[in-house]
There are 2 protein chains.
Amino acid sequence: MAITPAAGSPRSASVKDVAATAGVSLGTVSNVLNRPERVSRTTRERVERAMADLGFVRNESARSLRTGSTQSLAYVMLDAGNPFFTDVAQGIELAAEAAGLSLFLCNSDGRSAREGAHLAHLQQQRVQGILITPVDPDDPQLDQLIERGTPVVIVDRTRAGSSFCSVAVDDVLGGRLAVEHLIDAGHKRVAYVGGPESIGQVRDRGEGARQAWAEAGLPPEDLVMLSCEAPTVACGRAAGERLVGLPARRRPTAAFCANDLLALGLLQQTISSGRTVPGDLAIVGYDDIEFAAAAAVPLTSVRQPRHDLGRRAAELLLDEVGNPTHQHEQVVFTPELIARASTLGRP
Amino acid sequence: MAITPAAGSPRSASVKDVAATAGVSLGTVSNVLNRPERVSRTTRERVERAMADLGFVRNESARSLRTGSTQSLAYVMLDAGNPFFTDVAQGIELAAEAAGLSLFLCNSDGRSAREGAHLAHLQQQRVQGILITPVDPDDPQLDQLIERGTPVVIVDRTRAGSSFCSVAVDDVLGGRLAVEHLIDAGHKRVAYVGGPESIGQVRDRGEGARQAWAEAGLPPEDLVMLSCEAPTVACGRAAGERLVGLPARRRPTAAFCANDLLALGLLQQTISSGRTVPGDLAIVGYDDIEFAAAAAVPLTSVRQPRHDLGRRAAELLLDEVGNPTHQHEQVVFTPELIARASTLGRP
DNA sequence: GTCCATGCCTAAATCGTTTCATCGGAGGTC
DNA sequence: GACCTCCGATGAAACGATTTAGGCATGGAC
């Protein structure tokens, strides 16, 4: 076992070196790598031995240059700090793994510039396809990607009359479910705690809330629209303080938050300021992340099928990559309200 | 503006096409790309125009094949679903962005096989370097990586007498801090809720707990070691049920959990079973993730400098990549106990 | 008018792999 | 023994960029 690691690593071994060591031609080494069944067993073993001895590592750049394709997908997430997106990513991962592709995760962190840089880089890398929860689904850079041959699937958003596949959840419906639930529980003044209007998900959920409110015949001014800088825990806390600041007769008795981070922040602020949930304020979140159920006052939330969202998106992308008769498809999942103590009162 | 997108995308344009369109040689196009100052303004503009018209996208495979290096780093995370690691990743991201490199995130999800597959693939991609929170820091595959020329920095773990850089937090100290805090609060029976012993962090924190307990002269059997299958919220809940199952006189009055996910699960189970925190059970977590402070009974936790951990790790890697006189370094940060209501009682 | 320096561009070699047409030899058939 | 078939291995030609050594004007100095 004369292991000879390229100690000083002058340059890593190439197929040529392997071929020389094994005393075969370079094409044979390649065959061992790609079509082992075409190589006789003795030769194959000799080559494999040489590869091990030399510490050969296949150069993926050269491979994909020659073949014109890579073995990777990428998911560009909107916010890696939000467990919702990491769960979506996990769904994607499973599908990618099953297809034998590796998945790169990139985080745009809600910033267009970062998103753009990631997309440009991925395009240069010639990844097979890109899944993305975009900062702005109408960004022309996305069109440019498909024009230039990189398939793109939009995750958790849709685009009108689109030339993309997309997988989303009906956020308007989700907003309705949340607010109808609060109306059913008898609330007459409700706050919608949203993030910045620039986020489509925030707009849609707010729209659903408005629709439900209007259909119940309640006066529009009693649905208080609060918008936050970002859909984060910290902003949820800040929103709580703004609610407390309202005069008692105008203060909502319930709040629907655009996501669970906001809801958890609001929950925390409410309780630590000595009020009770749901007694003084009922709270509904959105996404049903794991921490929602684990909150000490378990959070009522609108559940999205996070894993399925990711898995289905990856499947669509794989179809687009592999199937010449692929048809673009806009999948819309249906959200579901999970009622818990934060709106139900304690037993 | 005769924009001519490669509509049917027969094949994307190469430098050769750009050269032909601009009426210059191929080397000139490359100069425009890499050393624009060497090209006269008129030629440069002509070339840039041609690139735009053809929708030219530089082929990164070819570039890195020729130059022998890529513009990317990777971080292989232990658990993308744990906010602690996404925060570490964010710190890394910032440092990578500042250095003009792109960062790929990979998730091993605690599985050696996945980790191995990611590492092999990254090595083939010839990434500049790899940051990793390994399933097992003694995995020989890590040695093999550096032997073959890919720098590796270990994050949130250390390795004895190592030929790696590493950045970690003193987990033994963290365990001591947590348990000393509980002892100071007068607890005489404490549970350590750990994950599987195979996880180094879990072992070290437990060891710290034991040390603090012994030094206080308390009987070892009153530090109840509970181990869970995985350090997750669900397992935290299960641990709560096991605690309740203990006979009252042996039941701990406080629990120190190996991470915040466990602690949140335990917190939830405790409260929903009608007991109070910290009245019936005081709880200390570990990591101080954002959701710890946001829990309705804010969680006392051992804070790790998550962003600094990531940033410093990335800096070490960048130094190793760029500085020929680089010396391996083992950075150890000091954790800090953040006391909150889950151990302090309510005002 | 000659010579040289300078600025800008060209041509060719190269990176490591895959692929394809080809070739040699072993074995079977007549 | 001549011929055909296979099987396995070979070698050269790509892939698309970067790099380097040189070439060809232009213009200034003498």
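Letters A, B, ... mirror the listed sequences (proteins, then strands); counts begin at 1.
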**Request:** Provide, to the nearest angstrom, the distance between the CD atom belonging to A:Q124 and the P atom belonging to D:dA17.
**Result:** 10 Å
**Request:** Respond yes when some side-chain nitrogen or oxygen of A:R58 is under 4.0 Å from OP1 or OP2 of C:dT18, and no when none is.
**Result:** yes
**Asked** Got a sec, which pairs hit salt bridge (Lys or Arg N to Asp or Glu O under 4.0 Å) with one end in residues 96-116 of chain A, sequence neighbours left out?
**Response** A:E97-B:R111, A:E97-B:R114, A:R111-B:E97, A:R114-B:E93, A:R114-B:E97
**Message:** Going by salt bridge (Lys or Arg N to Asp or Glu O under 4.0 Å), name the pairs with one or both residues in residues 319-330 of chain B, residues two or more places apart or in two chains.
**Reply:** B:R312-B:E329
**Asked** Do the side-chain N or O atoms of B:S61 get closer than 4.0 angstrom to the phosphate oxygens (OP1, OP2) of D:dA17?
**Response** no
**Message:** Give the residues of residues 25-33 of chain B touching DNA chain D, defined as any heavy atom closer than 4.0 Å, sorted by residue number.
**Reply:** B:L26, B:G27, B:S30, B:L33
**Request:** Would you classify A:R35 as touching base, sugar-phosphate or nothing, given that sugar-phosphate means primed atoms plus P, OP1 and OP2, and contacts are heavy atoms under 4.0 Å?
**Result:** sugar-phosphate
**Message:** Which is more 5' along DNA chain C, the nucleotide nearest A:R63 or the one nearest B:E37? Just name the residue.
**Reply:** B:E37
**Request:** Kindly state each residue pair satisfying salt bridge (Lys or Arg N to Asp or Glu O under 4.0 Å) with at least one member in residues 68-87 of chain B, sequence neighbours excluded.
**Result:** B:D87-B:R306
**Prompt:** Taking the side chain of B:S14 as heavy atoms from C-beta outward, which of D:dA17, C:dT17, C:dT19 is closest to it?
**Reply:** D:dA17
**Asked** Restricting to pairs with a member in residues 30-42 of chain A, which pass salt bridge (Lys or Arg N to Asp or Glu O under 4.0 Å), not counting sequence neighbours?
**Response** A:R41-A:E45
**Request:** Would you indicate whether the side-chain heavy atoms of B:F164 and B:I132 approach each other to under 4.5 Å?
**Result:** no
**Item:** Which residues share a salt bridge (charged side-chain N to carboxylate O under 4.0 Å, His left out) with B:D308, sequence neighbours left out
**Value:** B:R311
**Fill in**
By nearest-heavy-atom nucleotide on DNA chain D, the more 5' of B:N59 and A:V24 is A:V24
**Message:** With nearest nucleotide decided by heavy atoms, which residue, B:V57 or B:R38, maps closer to the 5′ end of DNA chain D?
**Reply:** B:V57
**Request:** Please report, rounded to the nearest Å, how far the P atom of C:dC8 is from the CZ atom of B:R41.
**Result:** 12 Å
**Asked** Taking atom types as they are modelled, is there a donor-acceptor pair under 3.5 Å from the base of D:dT18 to the side chain of B:R66?
**Response** yes
**Fill in**
Out of D:dA17, D:dC15, C:dT17, minimum distance to the side chain of A:L65 belongs to D:dC15
**Asked** Which atoms form the tightest heavy-atom contact between A:P137 and A:T158, and what is the distance?
**Response** CB-O, 4.0 Å
**Fill in**
To the nearest angstrom, the CG-C1' distance between B:D17 and D:dG16 comes to 10 Å
**Message:** Rounded to whole Å, how long is the line connecting atom CG of B:L54 with atom P of D:dG16?
**Reply:** 14 Å
**Message:** Rounding to an integer number of Å, can you tell me how far B:E60 CD sits from C:dC15 C1'?
**Reply:** 14 Å
**Message:** Expressed as a whole number of angstroms, how long is the span from A:Q71:CD to C:dT17:C1'?
**Reply:** 14 Å
